[in-house]
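Chain A is the first sequence line, chain B the second, and so forth, proteins listed ahead of strands; every chain is numbered from 1. Computed over heavy atoms, backbone and side chain alike; hydrogens, waters and symmetry mates excluded.
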Amino acid sequence: MRTSRGALLRYLALRLVLIIPTVFILVSVVFFFMRVIGDPITAAQGGRLSPEQLEARRESAGYNRPVLVQYGEYLSQVVRGDFGTSFSDHRRISDVLITNGAATLELVIWALLVAFLVGIPLGRLAARFHDRIADVTIRSFAILFYAAPVFFVGLLLKLLFSSKLGWLPSSGRASTDVQLALDRQGSTTHFMIVDAIRSGNGEYIADVLKHAVLPATALGLLTAGIFIRLIRINMLETMRTDFVTAARARGVPERKVVSRHAYRNALIPVVTVMGMEIALLLGSSILTETTFEWKGIGYILSQYLLARDFVAVQGLVTAIAIVVAVSSFLVDVINALVDPRVRY
Amino acid sequence: MAVLDPTSVPAVRTPPRAGRKIPGLALIRSTHGLQRAMLLIGIGLIAFFVVVALLADVIAPYSFNAIRGPDGLFGTQLPPSSAHLLGTTVGGMDVLSRIIFGARTAVLVVLLATAMSIVVGVPLGVFSGYVGGWVDRVFVLVTDALYAFPSLLMAIIVSVMVSRGQSSAFGGIFAASVSITVVFVPKYFRVIRNATMSAKAEPYVDAARVAGARPARIMFGHILANVSQSLPVLATLNASEAILTLAGLGFLGFGIEPTAAAEWGYDLNKALSDVTNGIWWTGVFPGIAIVLIVAGVALVGESLNDVLNPLLRTRGGATTADEAELEAMVRSVATQPTMTDTARAHAPPSEQSPAPPSSDKEGDER
């Protein structure tokens, strides 16, 4: 017992240490990729300013120094938690990360909720009725969920529920008046739903929830497709193991075999895949947020990219790299604790 | 490699097709029931889009960037009619023509991106896996870092870097392909590197070494021939993702200039504002095109995987390619350095990496 705990700790320590090179590599790759285009000022203002003005601006910002010096300076900034200030609207990137990061996190949580509610029961159903109509139908849906880009699903949802039926709002996180009222409330958490609940106003809560339905469904269905496949395949595999056969032989009813034995074991990999999903969700959230004008990290990032504000882009991407590295570490920790089968 | 589907993306060391009766027939024969239906639907969809891409000039009623015909301007946002079967866009272009030419863009980008990913990723994987040691560790660390990063985001950054305002049709297509390549190289690298790790312990490699073959010959003669078997499957699976990445880039405005080539993702972005006014034809049709081509490629990929990788097949053909990929994903998520099961089997016990859930079916719950 003792040795295995030691091995576990050693493994986790190694994973923790590996975060550093991972982040370092990503930050470096992004820095040099961005610099291939040129320095941020030339990229943003090139053509709009005279060469002399451009040169003066570059000099005052320190972009005329050797790239390696700037690289070292950037690294030391990042280590101190300073991601710079955006060039186009002079916002501190760390502020952008908090404000817009909360919005993205809120969207991702809603989407995961949809994914669980849709994906797990359907995956379970498909496994239960393996190779029958229900299974084939559900699997076809899973392929469609995969094949449909999240922005196309979003467009269809907007078309149907917002434009044709008029049931749900088509964009934003809340109606303008609700947004203003919540902002006026004082200390905001940036989580719209938390702010709405704190206001105690039922209408506000309903408004915020209504705005979340379509984006969460678009992003959630994408993830649900993955959950369906994962749950289905894992249940089918567990159903073939000896302990399930043994349970059946003991006379345990089939329904109980499915729910007790197969289903519970099939849930473990969902935890693991959710770790992988964080990168996918962050990537897809750029598309979802653009589709629904949901002002999260992805939305603001594509705005900065289009404005060629590469100081902001670099800061945001660096922060995303850190989030990805840390969250993949956390998933490994959870995974090691949850699943005794993980070997070290 | 005995059977290759005619529509599969070119793989390294694809045997010449000449002299074969009907390529792919053996593949179709080896399937049954539902699997065959999936494969045939997939092949049909891909063939359809390839034909459309090839004959775009002939079948499209107008050019992809035409805004006027013989009778003057088309008019903007016109609903589907006999003159414009699928209506016109907000920019006054014919939707049908843009979809047809969009197929050409998609097919070109997928072919280019897949070819480039294989050319870069495969030799790198063979080299890293064969040489081993710290070189391998560094490669694995770098590719794992890139692999963990949101792929669309990486593609965006690379596309901004590569394109730098180029707007020629080929420049745009090339830029998009390079962006997708950067995302895919780590994927090919991982698979090939892991396969090489296990292949290099095989007796035939020792035999070649004893016989005096030089490392380059062992790597790219003996090992490559053996590890490249997974390429057709990998390439098809990645092709569907390549199309989605291309569409995502276009949707966000980092893809191909609209005047240079037709691209479905870009059109969908422009259609977003139409939707609020109830104009559906500008968005729905390009979207359906994306869904159909991606589903087609995914269906073929799954079937190819089932047939060509009997190792992945479980009783009753329950495991499809994507599911196998998911399983691999589950398995690899906590492994550092990552190894496939076969590689793990060859590794000394002390180096065994943690194997999350699904890998130890025999041992669980006892």
Side-chain angles (χ1 to χ4, degrees), chain A residues 11 15 18 21-22 25-26 30 33 36-37 131 136 143-144 146-149 151-152 155 158-159 163-164 170 226 229-230 233-234 236-237 240-241 243 265 268-269 272-273 275-276 279-280 282-283 286-287 290-291 302 305-306 317 320-321 324-325 328 331-332 335-336 339 341-344, chain B residues 34 141-142 144-146 148-153 156-158 160-161 164 240 244 247-248 251-254 265 268 271-272 275-278 280 283-284 287 290-291 294-295 298-299 314-316 318-319 322-323 326-327 329-330 333-334 336 352 354-358 360-361 363-366:
Chain A
Y11 161 69
R15 281 292 290 114
L18 273 171
T22 306
I25 289 165
L26 286 175
V30 169
F33 273 10
V36 169
I37 315 167
D131 274 349
V136 174
I143 290 181
L144 278 185
Y146 166 75
F151 47 88
F152 179 52
L155 185 135
K158 277 172 92 160
L159 190 64
S163 169
K164 295 274 180 228
S170 68
I226 296 170
R229 286 151 173 240
L230 195 65
I233 191 66
N234 275 293
L236 287 178
E237 266 175 10
R240 277 196 291 268
T241 53
F243 80 91
N265 281 290
I268 299 175
T272 317
V273 165
M276 300 292 294
L280 180 73
L282 275 173
I286 304 178
L287 299 169
T290 308
T291 312
S302 82
L305 270 163
L306 292 172
V317 171
I320 291 175
V324 167
S328 91
V331 168
D332 281 359
N335 202 41
D339 191 345
R341 286 173 294 181
V342 175
R343 288 173 292 171
Y344 311 100
Chain B
L34 186 65
L141 198 62
V142 172
D144 272 7
L146 291 178
F149 197 69
S151 56
L152 181 64
L153 202 50
I156 293 172
I157 293 168
V158 178
V160 170
M161 181 187 93
R164 293 160 88 174
S240 54
L244 288 175
F251 179 76
L252 293 171
F254 303 107
L268 270 165
L272 261 189
V275 160
T276 28
N277 306 321
W280 54 274
V284 170
I290 299 177
V291 174
V294 173
L299 285 172
T314 51
R315 265 172 280 166
T319 314
D322 269 19
E323 286 153 353
L326 275 171
E327 258 196 79
M329 203 158 103
V330 173
V333 72
Q336 183 57 253
Q352 284 190 354
S358 47
D360 260 356
K361 281 144 233 154
D364 55 358
E365 287 284 316
R366 291 270 171 81

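Between Ile290(B) and Leu244(B), some side-chain heavy-atom pair lies under the 4.5 Å cut-off. The shortest side-chain heavy-atom distance between Phe151(A) and Leu252(B) does not fall under the 4.5 Å cut-off.
In terms of non-hydrogen atom pairs under 4.5 Å with chain B, the most contact-rich of Ile320(A), Leu155(A), Val30(A), Leu144(A) is Leu155(A). Counting heavy-atom pairs closer than 4.5 Å to chain B, the top residue among Pro21(A), Ala148(A), Pro149(A) is Pro149(A).
Of the two parts of Ser240(B), the backbone and the side chain both hold a non-hydrogen atom closer than 4.5 Å to a non-hydrogen atom of chain A. Heavy atoms of Ile143(A) lying under 4.5 Å from chain B belong exclusively to its side chain.
Of the inter-residue distances, the one linking Thr290(A) atom OG1 with Phe251(B) atom CZ reads 6.0 Å to the nearest 0.5 angstrom. From Ile25(A), atom CD1 reaches atom CG of Leu141(B) across 4.0 Å, with rounding to the nearest 0.5 Å.
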